[in-house]
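Numbers restart at 1 for each chain; the letters A, B, ... are given by sequence-line order, proteins then strands. Just so we're clear, the structure is a prediction, and the values are computed from it rather than from any experiment.
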Amino acid sequence: MSPEHAPLRSGPRVAVLVSVGRHPVTGRPRRADQDARAVELALGLEQADTRLLHAGRHDDDSDSALRGYLGMGFDSLELIEQNADADVVPALVEALRTQSPRLVLTGAHAETGEGSGMLPWLLAEALGWPVVGGLAAIEKIERDTATLLQALPRGRRRRLRVRLPFVATVDQSAAPARQSAFGPARRGGFEAVAKESRADELQAVWQVAPARKRPARLKVVKSGSARDRFKAAAAKSGGGGGKVLEDATPDQGAEAIMALLREEGVLR
Amino acid sequence: MSDLDLSSAVRRDPRREWILRNRLHPEHAALAATGAASPAEWLGPNGVTRRDPRAVGFIGPNGIRRIDRSGAQHGAGATPGARAAAADNRQRIEIDDPAFVIAVVPDLPGGRLSSHDRDLLGLARRLADADPTAPGAVVAITFGEHRESDFGGAGVDRLLSLSGERFSGYAPEARLAALGSVEQELTPRHWLLPDSTLGGGELGRRLAARLGERPATGVWQLETAADSDSGWRCTARGAAGSSDIVRPLPRMVLALAECAEPVSDTLHAARPLEAAHSLPEGLARIEDLGEIAIDPAEVALAEAEFVLSAGNGIRDWDGYHDAARTLGAAEGASRVAVDNGFMPRNRQVGATGTWVSARVYIAVGISGAVQHLQGIERCDKVIAINLDPNCDMVKRADLAVIGDAEAILATLAERVAAWRAEQETRHVA
C-alpha cells in the first residue's frame, strides 16, 4: 500500500476524479465525501496504479481540501488549472484521452457550484465509454471486463459485468473513506498542468442563493361531504389505533407478530 | 346522457309530483302510500344536490327525528343518477390535436406510479396546459410490463409502452437508445424525469448527455417568466442541496418529489401510442447478472428493511442475537443497551444514533423515550414487546404484545424457523 511502489504496479490504471468539497454545517472546504469514497474504492483494488485528477482553480481553500486526498496515501495529484467559472469537461476529456486509464471513478455530485452530477455522463459520452451509477464495490477486474456491485435501495446489491474501459460514479452506499493523515498530506505535491479554460456562459444568468427550506405540502381533503372535510381537519395526527394484546400467552403473541411479518413480506 | 342506459335515466312524472305536493288533492293519500314517492336525495336541474329533510333520518328514542350525516342513512335512497355522479365526477379531457408534446419517463417502481411520478406528471400538466387555446399532450413512456391502471387519472394523454425482453433488469443502454428514437419521432418540447437515485436520475443524465442538452437537476419549483425563452423559470437545488439556483427552464428537467401538485380532478385519455419505427438494437456493454443475496446483519441500519431492536428489558442477549439471525433482521438497540455495553454504539437507534427507515421495526423491551421515538419516526409498522402496557412505545406501536419479552421472542424464533423449514421442503418438492 505504500505509495513509493505505485509505478511498479502491474494492475489496471485507475483515474479518480476528485473535487473540492464543502462541509455542510461549517461551510469549510474539505475533501468531497463521495469523491473520498471513490478514492477509498480505488485504494482497495489490488495492484492498481491509481492516479488522482482534479480540474479547477488552485488557491488556499482548494489546496487544503485537495491535500485531504493526498493524506489518504498518495505522493501527488495531477491538477489541471482552470478558472473558477470554467466548464471543466473539455479539459478532463483531453487529460483522460492522453492518460487512457482502464477505469475512471468519481463521486455522483459535487458539493459546490451547480452540482448537477452530469460530469461522469458527459465524460463517458465524449469518450464513448459505458457508465455505471451507484457503484458499491468492485469485485474483480479481468482483461476486458470488470464485475461490479451496484447499490440499490434498502442495502440490496446488483451484480453487473461491464466492459473496460468505463466510468463509474460512487455515492453514499460505498464504504466510507479512511481518515486523511496529516504528514503525507503535507509532503504530497501537485503536478500542475495549465490548460485553456472555457468559460461556462449559461451560468452567468443564474441567481444562486442559499437553499430555502421547502414548504411542507398541505393535506387538502377533496371530498364532497362537509362531514368528511370536518373530520379530516379535526383529526389528531398520528398516535393510537394500534392493536394491544394484553394477557396473551407467548404463543398467541408470537402468532400475532408472525402474521404481521408475513403480511408485510419481510420474512425471506 | 346518450351513453347512459335507460334504467339510470331519470324519468319525471310532473302530474304525479304535483299531486304529491298538494296534500288536499283527492288522490294524494293513495299516491303517498305507494311508497318510494319522493327520493331522499336527487340532482336538481342546476346540478345541485337537493335533499328532502323529511325523507331522511330516523326517529330517535325521544320521538325526535335525527339525521345521521355519515351517509349511512341516506346512501340507499339516492337516485341512480346521483350515485353515478358520486362515483366519478372528474372532468374528462381528450386532446386530439396537441400543439406540442411533453415527454415524461416515470420510474414505475414495482410497476406502479410512485408519488414522485405523480408529482412529475402534475408538473408536466402545468407545462402542457399553460395556454388553454393550444394545449400540449403529456406522453408517458414506460419500459417493460407495468401494472398501473390509472395513467389517465394521473394526467397522461398518450401512453407509449415499450415492451421487450431487453428492457428488463438494469438495461440503461437499451432504454437510452429507445428514448433517442422517441426524441426523433416526437421531438418533445420538454423532457421530464424524476431525479431519483436509480432510475430517472440516472437515465435522465444519460439522455441529456446523449442529446447534448444541459438539464436542470433537482428542480422543485416552477413559475412563469416572460423574459426566458421557454416562458418558464425554475428553482433547482445545487451544490449537494445547499443552494438554490433560479434559472430559465431548459428543455430537459430532472425534478424532485413534491415539485408540483399531482393531478386529481381531471381524467385524461391515456391513449396508447405505437412506436412508428422499430427500436434500434444496440450492443450492450453493461450486463446485468442479477441481484445478490445479502446478509441482513451487514446492511447499514439506516437503510435496513427489517430491524429487531433491543432495550433494557432484555436479559438473555444470546437469545436475542439468535432470534435476530433466525428472523433475518438487522440488529438495533436503545441508548440504555448501548451504554450498558451490550450492543455496539453504531447500532443505537434514535437521537445521537441512527435514524432508521425500516418497514417493520420490532422493539423488544424498549419503553420508548422521546429520543428513541424520533429515530423510528419513518418506520411503517412498529411492533412492541413489553411488560408495561402504559409505556410510550406501546402507544406508538401498530401491534403491541404485553408479556415476557424473552419468552415471546424465543417462541417467535421457533415459529419462524419452522415456517422456513416448511417453505424449504415445499420449494424442493
Side-chain angles (χ1 to χ4, degrees), chain A residues 22 24 109-118 121-122 125 130-134 150 152-163 171 202 205-212 214 217 222 224-225 227 239-240 242-246 248 250-251 253-254 256-258 260-261 264 266-268, chain B residues 69-71 86 170 197-198 202 205-206 208-210 214-215 217 220 237-248 258 264-265 285-292 294 299-300 303-306 328 359-360 381 383 389 394-395 397-404 407-408 411-412 415-416 419:
Chain A
R22 182 183 165 281
H109 293 273
E111 291 178 4
T112 54
E114 187 187 357
S116 66
M118 279 300 290
W121 317 93
L122 290 172
E125 192 66 33
V131 209
V132 175
Q150 189 185 35
L152 301 179
R154 295 273 179 220
R156 291 174 298 136
R157 298 281 183 266
R158 180 156 56 194
R159 190 171 282 142
L160 301 176
R161 188 181 295 140
V162 187
R163 226 173 266 184
D171 60 22
L202 269 180
V205 297
W206 297 355
Q207 298 157 26
V208 183
R212 265 188 295 149
R214 289 181 63 182
R217 179 178 271 180
K222 283 190 177 154
S225 130
R227 186 175 185 271
K243 199 169 116 191
V244 179
L245 285 184
E246 271 189 87
D251 246 14
I257 296 173
M258 180 88 183
L260 200 147
L261 295 182
E264 288 292 311
V266 287
L267 288 182
R268 299 238 164 73
Chain B
R69 301 247 176 237
S70 68
Y170 183 67
T197 354
L198 281 179
E202 189 184 315
R205 287 181 175 87
R206 272 179 207 276
R210 176 65 51 87
R214 182 157 187 178
T217 58
W220 61 274
R237 284 277 196 249
S242 65
S243 69
D244 272 339
I245 302 173
V246 180
R247 56 192 281 188
E258 299 195 4
S264 62
D265 37 15
R285 295 172 297 181
I286 303 175
E287 192 187 340
D288 186 356
L289 302 181
E291 247 183 69
I292 59 169
I294 42 163
V299 175
E303 53 180 1
E305 189 176 36
F306 179 24
R359 277 210 292 138
V360 178
K381 285 272 189 296
I383 303 175
V394 170
K395 286 177 194 145
D398 298 277
L399 170 67
V401 182
I402 310 301
D404 177 31
I408 294 171
T411 324
L412 180 63
R415 273 173 188 262
V416 170
W419 178 78

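Ranked by heavy-atom pairs under 4.5 Å with chain B, the first of A/L267, A/V208, A/L122 is A/L267. Taking chain A as the reference chain and counting heavy-atom pairs below 4.5 Å, the highest number among B/V246, B/V401, B/V360, B/V394 is found for B/V246. Ranked by heavy-atom pairs under 4.5 Å with chain A, the first of B/G238, B/A209, B/P215 is B/A209. Ranked by heavy-atom pairs shorter than 4.5 Å toward chain B, the options A/A211, A/P130, A/A254 are led by A/A211. Note on A/R156, A/R212, A/H109, A/R217: by heavy-atom pairs under 4.5 Å with chain B, the leading option is A/R217. Looking only at heavy-atom pairs under 4.5 Å with chain A, the residue among B/S242, B/S264, B/A208 that has the most is B/S242. With respect to chain A, the highest number of heavy-atom pairs below 4.5 Å among B/G241, B/G328, B/P389 belongs to B/P389. With chain B as the partner, the residue from A/G134, A/P210, A/P153, A/G115 showing the most heavy-atom pairs under 4.5 Å is A/P210. Taking A/E111, A/M118, A/R163, A/E246 one by one and counting their heavy-atom pairs under 4.5 Å with chain B, the maximum is reached by A/M118.
Side chains of B/E202 and B/Y170 form a contact here, defined as non-hydrogen atoms less than 4.5 Å apart. Two residues are said to be in side-chain contact when any heavy atoms from C-beta on lie closer than 4.5 Å; B/R247 and A/V205 fail this criterion. Contact annotation: the side chain of B/E258 approaches that of A/R214 to within less than 4.5 Å [non-hydrogen atoms, C-beta and beyond].
With a 4.5 angstrom heavy-atom cutoff, B/T411 touches chain A via backbone and side-chain atoms both. For B/D265, the part sitting under 4.5 Å from any heavy atom of chain A is the side chain, from C-beta outward, and nothing else. For a residue to count as touching a neighbouring chain, one of its non-hydrogen atoms must lie under 4.5 Å from one of that chain's; by this rule A/S116 touches chain B with backbone and side chain alike. Interface remark: A/P24 contributes no atoms to any contact with chain B (heavy atom separation under 4.5 Å). For A/L160, the parts lying near chain B are the backbone and the side chain together; criterion is any non-hydrogen pair under 4.5 Å. Contacts between B/A300 and chain A at a heavy-atom distance below 4.5 Å are absent for every atom of the residue. For a residue to count as touching a neighbouring chain, one of its non-hydrogen atoms must lie under 4.5 Å from one of that chain's; by this rule A/A110 touches chain B with the backbone only. For B/I383, the part lying near chain A is the side chain, with the backbone staying farther off; criterion is any non-hydrogen pair under 4.5 Å.
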(message) Test salt bridge (Lys or Arg N to Asp or Glu O under 4.0 Å) on B/R214 and A/E114; report intermediate values, then the result.
(response) CA-CA 12 Å; B/R214 182 157 187 178; A/E114 187 187 357; 2.8 Å; yes
_Applying salt bridge (Lys or Arg N to Asp or Glu O under 4.0 Å) to B/R237 and B/D244, what does each step give before you reach the verdict?_
CA-CA 5 Å; B/R237 284 277 196 249; B/D244 272 339; 2.6 Å; yes
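The CD1 atom of B/I245 sits 7.0 Å away from the OG1 atom of B/T217 when rounded to the nearest 0.5 Å. Rounded to the nearest 0.5 Å, atoms CG (A/L261) and CZ (B/R415) are 12.0 Å apart. Here A/R161 contributes atom CZ and A/R159 contributes atom CZ; the two are 10.0 Å apart, rounded to the nearest 0.5 Å.
The local environment of CZ in B/R210 is sparse, with at most 12 non-hydrogen atoms from other residues, nucleotides or ligands closer than 6.0 Å.
No side-chain donor-acceptor contact under 3.5 Å links B/E291 to the backbone of A/R158. With hydrogens and angles ignored, the 3.5 Å screen pairs a side-chain donor or acceptor of A/Q150 with a backbone N or O of A/G133.
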